[in-house]
Protein chains: 2
Amino acid sequence: MEEVKTFESICNLLRNRSYKLTPQRQTILQTFLENVDSHLSAEEVYMLVKHQNPEIGLATVYRTLDILAEIGILLKNDFGDGRSRYEFSRQDEHHHHHHLICLGCGSVSEFDDDLLESLEAVIIKRNHFKILDHDLKFYGYCEKCGEAP
Amino acid sequence: MEEVKTFESICNLLRNRSYKLTPQRQTILQTFLENVDSHLSAEEVYMLVKHQNPEIGLATVYRTLDILAEIGILLKNDFGDGRSRYEFSRQDEHHHHHHLICLGCGSVSEFDDDLLESLEAVIIKRNHFKILDHDLKFYGYCEKCGEAP
DNA sequence: CTTGTTGCAAAGCGTTTGCACCTCA
DNA sequence: TGAGGTGCAAACGCTTTGCAACAAG
C-alpha cells in the first residue's frame with residue numbers, strides 16, 4: 001500500500017504535488033522526523049525550527065503544517081487546549097489511533113484499538129449516517145500525575 | 001441521584017451556588033429549555049436571546065454559558081468549527097452520548113452507546129491511565145446529505 | 001447597602017492574509 | 001525567468017477582560 005515515510009520519500013511526495021522543496025519546509029519536516037512521538041503546536045514547531053533557521057516566520061510554519069497535513073504527512077489534532085497540534089503520521093491513514101490526554105501535565109499518549117470499527121457498522125445502520133472519520137479522546141490522569149490534580 | 005431539570009430546579013441550583021438570578025440568565029436558560037436538542041454557539045444564543053431582551057450583551061452570554069456549563073446544566077462541545085457549542089444536559093452526567101457530525105450541512109445528531117465502558121477498562125489496565133472523561137465524534141454525511149459533498 | 005452582574009469597548013490569542021521581495025526549479 | 005514561497009505586519013474570528021454603572025438579595 002504505502003511504504004515507510006523517510007525524509008527522501010516525503011520530499012518526493014512534495015515534488016510530485018509540485019510543491020517546492022524550500023529549506024524552510026525541509027527544516028520543519030526534519031523537526032517532525034526527530035519528534036515522531038510528539039504532538040506539536042505551530043508555536044512549538046516555530047521555536048524548534050528557529051534554532052536552525054532564525055529567519056523563519058511563524059506564518060511559514062502555519063502554511064507548511066497545512067501542506068504537510070493535506071498530503072497526509074502530518075495529522076492535525078485538537079486536544080481542546082485552544083491550539084492545533086500536529087503529529088507525524090506513521091503510515092496507514094485508515095486505521096488510526098486514539099489519544100489519552102492527561103489533565104495534569106498535558107501529555108498525550110496513544111492507544112490503538114479496533115473496537116470502533118464494529119461500532120461504526122451499528123451507527124451506519126441505525127442512524128443512516130455515512131461515516132468517514134472518527135475521533136476518540138480520553139481525558140484523565142497519566143501514571144505520573146496519579147489521582148488528584 | 002438527580003431529578004429531572006426544570007426551570008425551577010435550575011434556578012434553585014444557581015441560588016444554592018450563590019449566583020444571582022438575573023433576567024439575562026433566566027432568558028438564556030429559557031432559550032436552552034426551548035431548544036433541548038440544539039447545539040448552540042454563543043453567537044446563536046446571543047441572537048435568540050436578543051429577540052426577548054435586545055439590551056443583552058454578548059459578553060454576558062459568554063459569562064452565563066460558562067456558569068451553566070460549570071454547574072452541569074450545559075455541556076460544552078467542540079465540533080471543530082472554531083467555536084464552542086453548548087447543549088442542554090438532560091440528566092445523568094456520567095453516562096453521556098456521542099456525536100455524529102455531518103460534514104455536509106453541519107448538523108449534529110446524537111448516539112448512545114455503552115461500548116466505551118469496556119474499552120475504558122482495557123485502557124486503565126494497559127496504560128495505567130485514570131480516565132475521567134471521554135469524547136467520541138463521528139464525521140461523515142447524514143441521510144439528507146447523502147454521499148458526496 | 002454591598003457584592004455580584006451587566007454592557008461596552010478594548011484587549012487577547014491562535015490563525016490567516018495581503019503584499020512586496022525572494023528563490024526554487 | 002516566472003510561478004510559487006517567504007517574512008512581516010495587519011487583519012480575523014472567537015473569546016475574555018477592565019471598568020464604571022447597575023441591580024439582586
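All heavy atoms count here, side chains included; hydrogens, waters and symmetry mates do not. In what follows, every chain begins at residue 1, and chains take the letters A, B, ... in the order their sequences are listed.
Side-chain atoms of A:Arg63 and base atoms of D:dG7 include a donor and an acceptor less than 3.5 Å apart. With hydrogens and angles ignored, no donor-acceptor pair under 3.5 angstrom links the side chain of B:Lys20 to the base of D:dA23.
Rounding to whole angstrom units, CZ of residue B:Arg83 and C1' of D:dT15 are separated by 12 Å. Atom NZ of B:Lys76 and atom P of D:dC14 are 14 Å apart (whole Å). To the nearest angstrom, P of D:dC14 lies 13 Å from OH of B:Tyr86. Put simply, CD1 on B:Ile67 is 16 Å from P on D:dT15, counting in whole angstrom units. In this entry the distance linking CG of B:Asn53 with C1' of D:dC22 reads 14 Å, nearest Å. Between the P atom of C:dG7 and the OH atom of B:Tyr46 lies a distance of 9 Å, rounded to the nearest Å. When the C1' atom of C:dC22 is taken as reference, atom CD of A:Glu55 falls 13 Å away, rounded to whole Å. Between the CD atom of A:Gln26 and the P atom of D:dT6 there is a distance of 11 Å, given to the nearest Å.
The aromatic rings of B:His98 and B:Phe111 are tilted relative to each other, their planes meeting at an angle between 30° and 60°.
B:Ser41 comes within 4.0 angstrom of nothing in the nucleic acid, heavy atoms only. Within the nucleic acid shown, A:Pro23 comes within 4.0 Å of sugar-phosphate atoms alone, with no base atom in reach, counting heavy atoms only. Backbone-only contact: A:Gln24 has heavy atoms under 4.0 Å from sugar-phosphate atoms and none from a base. No contact: B:Arg15 has no heavy atom under 4.0 Å from any strand.
With C:dG7, D:dC8, C:dT15 as the candidates, the nucleotide lying closest to the side chain of A:Ala42 is C:dT15. Of the listed nucleotides (C:dT6, C:dA9, D:dT15), D:dT15 has the atom at the smallest distance from the side chain of B:Leu58. Here the side chain of B:Leu21 is nearest to one of D:dG25, D:dG7, C:dT6, namely D:dG25.
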Exercise for the section: Start with the C-alpha distance between A:Lys76 and A:Glu87, add both sets of side-chain angles, then the distance that settles salt bridge (charged side-chain N to carboxylate O under 4.0 Å, His left out), and finish with yes or no. Expected result: CA-CA 7 Å; A:Lys76 187 175 185 172; A:Glu87 66 180 310; over 6 Å; no
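Remark: the backbone N or O of A:Phe129 is not paired with any side-chain donor or acceptor of A:Asn127 at under 3.5 angstrom.
Taking side-chain N and O atoms only, B:Thr22 has a distance below 4.0 Å to OP1 or OP2 of C:dT6. Phosphate proximity of D:dT15 to B:Tyr62: present, with a side-chain N or O under 4.0 Å from OP1 or OP2. OP1 or OP2 of C:dT6 has at least one side-chain nitrogen or oxygen of B:Arg25 nearer than 4.0 Å. At least one side-chain nitrogen or oxygen of A:Ser84 sits closer than 4.0 Å to the OP1 or OP2 atom of C:dT15.
Side chains of B:Tyr19 and B:Glu70: a donor on one and an acceptor on the other come within 3.5 Å.
Across the interface with DNA chain C, nearest-nucleotide mapping of B:Ser18 and B:Thr60 shows B:Ser18 to be the residue nearer the 5′ end.
No option in B:Ile67, B:Leu13, B:Leu65 other than B:Leu13 meets the side-chain contact (heavy atoms from CB on, under 4.5 Å) test with B:Ile73.
The aromatic ring centres of B:Tyr86 and B:His39 sit 6.0 Å or more apart.
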